[in-house]
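Following: one structure in structure tokens, then a few remarks.
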Amino acid sequence: MIMNNKHPELDKLLENGGISLTDEEYLTLLLSYTKTRSPNKTARELLTIYGSFSGVINADPHLLTAGGISAECAVLFRLISRFAAICAADNVISRLTDTKSAVNYFSTLYIGSSAETFAIAAVDKNMRIIAADKLSTGSTRQVSSAIRDIMQFIVRHKAERIFISHNHPMGIAQASDADISATQKIIAALSSLGTAVVDHIIIGKDGGFSMREADSCPALSNIVCDSYTISKDDAI
């Protein structure tokens, strides 16, 4: 039954469920509730620039407004991004026992982040998360210079095991040479504290990447952690 001729996407949403809508239809429907003159055209243009619905709502509000999007829409997108993070937090993972749980956990931390961000999580001997924080924002080179902040985090939480992570907001989930080099420097610096780095998780637009699973960092692979396993789920 047609409920509103102005919003055919709404009829599709209510009759067939959200899974039936494309990113363009979701964005068109959202924009139709704002003062945007041509919701469908604007949705297509935004998707061309940012790649996906998630990319649009997580985009920097300043870039959006500079590109002609109203401040009203930019604020709405940011609110939706934060709502998604809040909902994800309701299902937060409390133990990082394998690569799948680690990827899923750090994925939720980066919801709403439009810049490369470095995060850290400390776990106890049962792999329960005891503390987590976002330490810095910037390139991998800048991240590698934040070893002092990592050490302060470790001392503050008396952490014996940690996970480190960063995201590639507009890129693929894969370790670059710079990522591997930064990881090895961090591991070397932390050896004096007796703290083990369990894994370095990278989150990209296409999913997550575990350095331990990929065996891409020799220093990381040499750290034994029997409580943490490699997931056999190909979806990681």
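Numbers here are sequence positions counted from 1.
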Side-chain heavy atoms of F106 within contact of L109, under 4.5 Å
yes
Say whether D179 and S176, considering side chains only, have a donor N or O and an acceptor N or O under 3.5 Å apart.
yes
Donor-acceptor contact below 3.5 Å, side chain D124 vs main chain N126:
yes
Polar side chain donor-acceptor pair, D98 to Y228, under 3.5 angstrom:
no
Working for side chain to side chain donor-acceptor pair (under 3.5 Å), residues S210 and D199:
CA-CA 7 Å; S210 159; D199 205 346; 2.6 Å; yes
In one Ile/Leu/Val/Met/Phe/Trp/Tyr side-chain cluster, 4.5 Å: L193, V197:
yes
I'd like to know if V155 and I164 are part of one continuous hydrophobic network [Ile/Leu/Val/Met/Phe/Trp/Tyr, side-chain heavy atoms within less than 4.5 Å].
no
Any heavy-atom pair between the side chains of L190 and M151 that's under 4.5 Å?
yes
Distance-only donor-acceptor check, side chains Y110 and S165, under 3.5 Å:
yes
Do N58 and S81 get their side chains close enough for a donor-acceptor pair, meaning under 3.5 Å?
yes
Without swapping roles, check the side chain of D23 against the backbone of F53 for a donor-acceptor pair under 3.5 Å.
yes
Is there a path of hydrophobic side-chain contacts, each under 4.5 Å between heavy atoms of I/L/V/M/F/W/Y residues, joining L63 to L27?
yes
Excluding sequence neighbours, so at least two apart, what forms salt bridge (charged side-chain N to carboxylate O under 4.0 Å, His left out) with R44?
E24
T195 side chain to I162 main-chain N or O, any donor-acceptor pair under 3.5 Å?
no
Is K134 atom NZ crowded by more than 12 heavy atoms from other residues, nucleotides or ligands, each under 6.0 Å away?
yes
Take the angle between the ring planes of H200 and H166 and call it parallel below 30°, perpendicular above 60°, tilted in between.
perpendicular
Can H168 and I172 be said to form a side-chain contact (heavy atoms from CB on, under 4.5 Å), step by step?
CA-CA 6 Å; H168 293 165; I172 62 173; 5.5 Å; no
Is the backbone of E25 close enough, under 3.5 Å, to the side chain of T28 for a donor and an acceptor to pair up by distance?
no
Under the side chain to side chain contact (heavy atoms under 4.5 Å, CB included) test, which residues partner E72, sequence neighbours left out?
T34, K35, S70
Compare all side-chain heavy atoms of S94 with those of I129 and state whether any distance is below 4.5 angstrom.
no
For I202 and Q174, what are the C-alpha separation, side-chain angles and deciding distance, and is it a side-chain contact (heavy atoms from CB on, under 4.5 Å)?
CA-CA 7 Å; I202 301 173; Q174 190 171 5; over 6 Å; no
The residue among L76, L31, L64 that forms side-chain contact (heavy atoms from CB on, under 4.5 Å) with I69 is L64
Taking CG in D177 as the centre, count heavy atoms belonging to other residues, nucleotides or ligands within less than 6.0 Å. Is the count above 12?
no
